[in-house]
2 protein chains.
Amino acid sequence: MSKRTEKTIVDIAEELKLSVSTVSRALNDNPNISARTKDKVKKMARKLGYRPNALAAGLRNNKSKTIGLIVPRISMFFPATISTIIQNKLQEYGYNLIICQSNDSYDQEVALVNTLYSARVDGLVVSTTLYTTDFSHFDVFKDNNIPLIFFDRVPKDYNVKVIKGDDYVGGYTATTHLIERGCKDIVHISGPLTCNLYVERVSGYKHALQENKLPFKKTRVFYQELTRDNAWQACEKIFAQTPYPDGIFASNDTTAITIMEYCRKINVRVPEDLKIVGYSNDPRTEIVTPPVTSVDQYPAMMGERVVAALMELITNQASATAPRYSQEIIPIQLIARESTAGTVKTGGKKK
Amino acid sequence: MSKRTEKTIVDIAEELKLSVSTVSRALNDNPNISARTKDKVKKMARKLGYRPNALAAGLRNNKSKTIGLIVPRISMFFPATISTIIQNKLQEYGYNLIICQSNDSYDQEVALVNTLYSARVDGLVVSTTLYTTDFSHFDVFKDNNIPLIFFDRVPKDYNVKVIKGDDYVGGYTATTHLIERGCKDIVHISGPLTCNLYVERVSGYKHALQENKLPFKKTRVFYQELTRDNAWQACEKIFAQTPYPDGIFASNDTTAITIMEYCRKINVRVPEDLKIVGYSNDPRTEIVTPPVTSVDQYPAMMGERVVAALMELITNQASATAPRYSQEIIPIQLIARESTAGTVKTGGKKK
DNA sequence: TTGATTTTTGCAAACGTTTGCATTACATTA
DNA sequence: TAATGTAATGCAAACGTTTGCAAAAATCAA
């Protein structure tokens, strides 16, 4: 309840008739402080209830032992999983993590970048907004040589450290899988093309079609934020007229699952009449009926790589030779489940 | 790339031949700085690429404009939703949020509390570990009169501001619902009793049984961490011998959903043979078949109340009269879905 | 005992702000 | 023009650390 309680190293010094510098060094286990003194100091610190002030230390050292993380939203499976990994991993290195969500708003992202810079984070990790195409708000970090890493949703044409999934291969693999299961008329529901990873998946989709001599039809591709509502609306368009598609490749699992619900409602059978592939391998894909085929992106691996790269950047911050940017690609894996089982009745023989 | 770039208010002052104090005040829109000067200062700040140093300001002001949040894990629906709300709401007030996860480890929780204190957060919001029964690590915050709020998983016998769900009523309502639907032999899968909210739900369960003259049997209650694996194992015990229960009240949705999967595997029909109620109203309850009845805890409301209470505490921090603690209870609502539809065949007539 | 090392400690500046108080500049009135 | 009041600015200390350098203390060798 007392007001002026905050003990500082000065208090410890006075109590022990030592200088503050000695106390500071003792607390930091500086090698040229005698073991006896260290002991005394630490005991007294405990006795007085001393709590280090990270702000003061940060100001002096010009480092905060804090990393900033900006993701679109932490309630989505993929960023949530990665955030968890990053946080737990960073803790091992003695770093704090400030997790922030941009809510897919460009303006919020800009604001967050600025406040995180003000907080003098020692590094920034970002998965951008769906709509971020101008990256100049990150320049502060680049210009001041503060470790900056993008993952998953990464910039195009902006030189920086990048760790991303293999989205082209993901799109290609998902589509090829549907084709192998006999699909001839495959709809693709993509995210907005302002986000480069969707561009890559679309191009994987396109390539797979070509390779199998299937036509690419503009009307069979939807570009939209991959929400439940949008998925439902897309379904209403898709199933408003015949012929129905026999396969759908959705660029996230929420969309895939919503499509399944719609199909149940209108009595389209999955996988018999329609096969569905999602993306991200959200655990929800396993609990719905039928379970949904999806593309695993190895979020744990990605998270670990992010932290590893971050630590590398922090360590080599001084050295001018160390490369500031590079691209690292995390593999994907298709997880086949019941939603793409069997072979479409109209389809040819299985390859 | 340059090394010594960081501009400070001193640089602005020199450039403009003003004193640092004037610059500081100008940037903070202090009323007794002329409009003309403010303008000049802000222009110059922009021109030089000045970025405020929150560490320095925080040190001087003894406030960081940052709030700490500790939750068991952000990948769970309930804490994730609340974290989102809290973060977005705090942003409106100009506060940063440091989201941390204890991973349900007491030791990690203690460590986090200490580092967050070191970071001199202006407030701390906590949902504790399943196993936190000693709360003395939070004393630092209480003793130094720093706003401290617990939500959902809150301490017992520790005087502090608390915002919790109505867990007693939740347990009572869920159980009563099952009884109304004709269940006579209801299993309850609870979390560990070290966490008080489960104690309350159990007592609600018990009360509902009593009220309906149904026996409370110890063998029908399981206390365990509510994970998928544990749920599966519990099922193996439950269905190892007859008679099977005709109702299960699970204290989270992961457990409820896993039970349903198990039932499908052993050909127990839900809801015909067995009715299931979960807890938290995780969106997953809607996408499984059949959809699972659950207890909504109004996470958005809870998040908003947390922030409101926090802001109140911060504002009244000085006033000695303002109450430091109190308990606020957020209502619950049962969302009936197909998993409890109809009436158990063996059961009496529906009320 | 002395001098030379080595180990341990202390001094004082610095990190970038904010703010109480003092001072200056300006405007107003008589 | 002088006196007065108000508006605008400046000085300097303070927030709690860390650290280069200097100084003191302890250890060792001769």
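These numbers come from the heavy atoms of this one structure, side chains and all, not from hydrogens, waters or symmetry mates. So that the names make sense, note that chain A is the first sequence line, chain B the second, and so on, each numbered from 1.
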- Message: So B/Val162 and B/Glu328, do their side chains get closer than 4.5 Å, heavy atoms only?
- Response: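 B/Glu328 vs B/Val162: side chains apart.
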
Rounded to whole Å, how long is the line connecting atom [atom1] of [X] with atom [atom2] of [N]?
X       : N      : atom1 : atom2 : result
B/Leu16 : D/dT9  : CG    : P     : 11 Å
A/Asn62 : D/dT19 : CG    : P     : 12 Å
B/Ile9  : D/dT9  : CD1   : C1'   : 14 Å
A/Leu27 : D/dG16 : CG    : P     : 15 Å
A/Lys7  : D/dG16 : NZ    : P     : 12 Å
A/Ile33 : D/dT18 : CD1   : C1'   : 12 Å
B/Glu14 : D/dT9  : CD    : P     : 18 Å
B/Lys65 : D/dC15 : NZ    : P     : 22 Å

- Task: Return the 5'-most residue of the pair B/Ala56, B/Val23 with respect to DNA chain D, ranking by each residue's nearest nucleotide.
- Result: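 Result of the comparison: B/Val23.
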
- Message: Here's a test of your reading of the structure: between B/Asn30 and A/Arg25, which maps to the more 5' nucleotide of DNA chain D?
- Response: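 The answer here is B/Asn30.
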
Taking only side-chain nitrogens and oxygens of [X], does any of them come within less than 4.0 Å of OP1 or OP2 of [N]?
X       : N      : result
A/Ser24 : D/dT18 : yes
B/Thr8  : C/dG16 : no
A/Thr22 : C/dT9  : no
A/Thr37 : C/dT8  : no
B/Asn61 : C/dT19 : yes

Tell me what [X] touches on the nucleic acid: a base, only sugar-phosphate, or nothing, going by heavy atoms under 4.0 Å.
X        : answer
B/Arg36  : nothing
B/Ser34  : sugar-phosphate
A/Leu18  : sugar-phosphate
B/Arg120 : nothing
A/Lys17  : sugar-phosphate

Minimum-distance nucleotide (side-chain atoms of [X] versus [options]):
X       : options                : value
A/Val20 : D/dG16, D/dT18, D/dG10 : D/dT18
A/Asn32 : C/dT8, C/dA12, C/dT17  : C/dT8
A/Ala57 : C/dT9, D/dT17, C/dT18  : D/dT17

- Item | B/Lys38 bridged to B/Asp29 by N-O distance under 4.0 Å |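 The answer is yes: the pair qualifies as a salt bridge.
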
- How are the rings of A/Tyr117 and A/Phe141 set to each other: parallel, tilted or perpendicular (split at 30° and 60°)?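 Answer is perpendicular, since the angle exceeds 60°.
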
- Between A/His137 and A/Tyr106, how do the two ring planes meet: parallel, tilted or perpendicular, split at 30° and 60°?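 It falls in the perpendicular class, over 60°.
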
- For A/Asp39, enumerate each residue passing the salt bridge (charged side-chain N to carboxylate O under 4.0 Å, His left out) test, keeping only those at least two apart in sequence or located in another chain.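 Testing A/Asp39 for salt bridge (charged side-chain N to carboxylate O under 4.0 Å, His left out), a comparison that skips the adjacent residues, returns A/Lys43.
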
- Task: Please list, chain by chain and in numerical order, all residues satisfying side chain to side chain donor-acceptor pair (under 3.5 Å) with B/Tyr93, sequence neighbours excluded.
- Result: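 B/Tyr93 satisfies side chain to side chain donor-acceptor pair (under 3.5 Å) with no residue once adjacent residues are dropped.
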
- So which one's nearest nucleotide on DNA chain C is more toward 5', A/Ala35 or A/Ser21?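 That would be A/Ala35.
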
- Does any N or O donor sit under 3.5 Å from an N or O acceptor when you compare the side chain of B/Ser19 with the base of D/dC11?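 There is none.
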
- Check: B/Arg60 side chain, D/dG16 base, donor-acceptor under 3.5 Å: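 Per atom types, no contact qualifies.
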
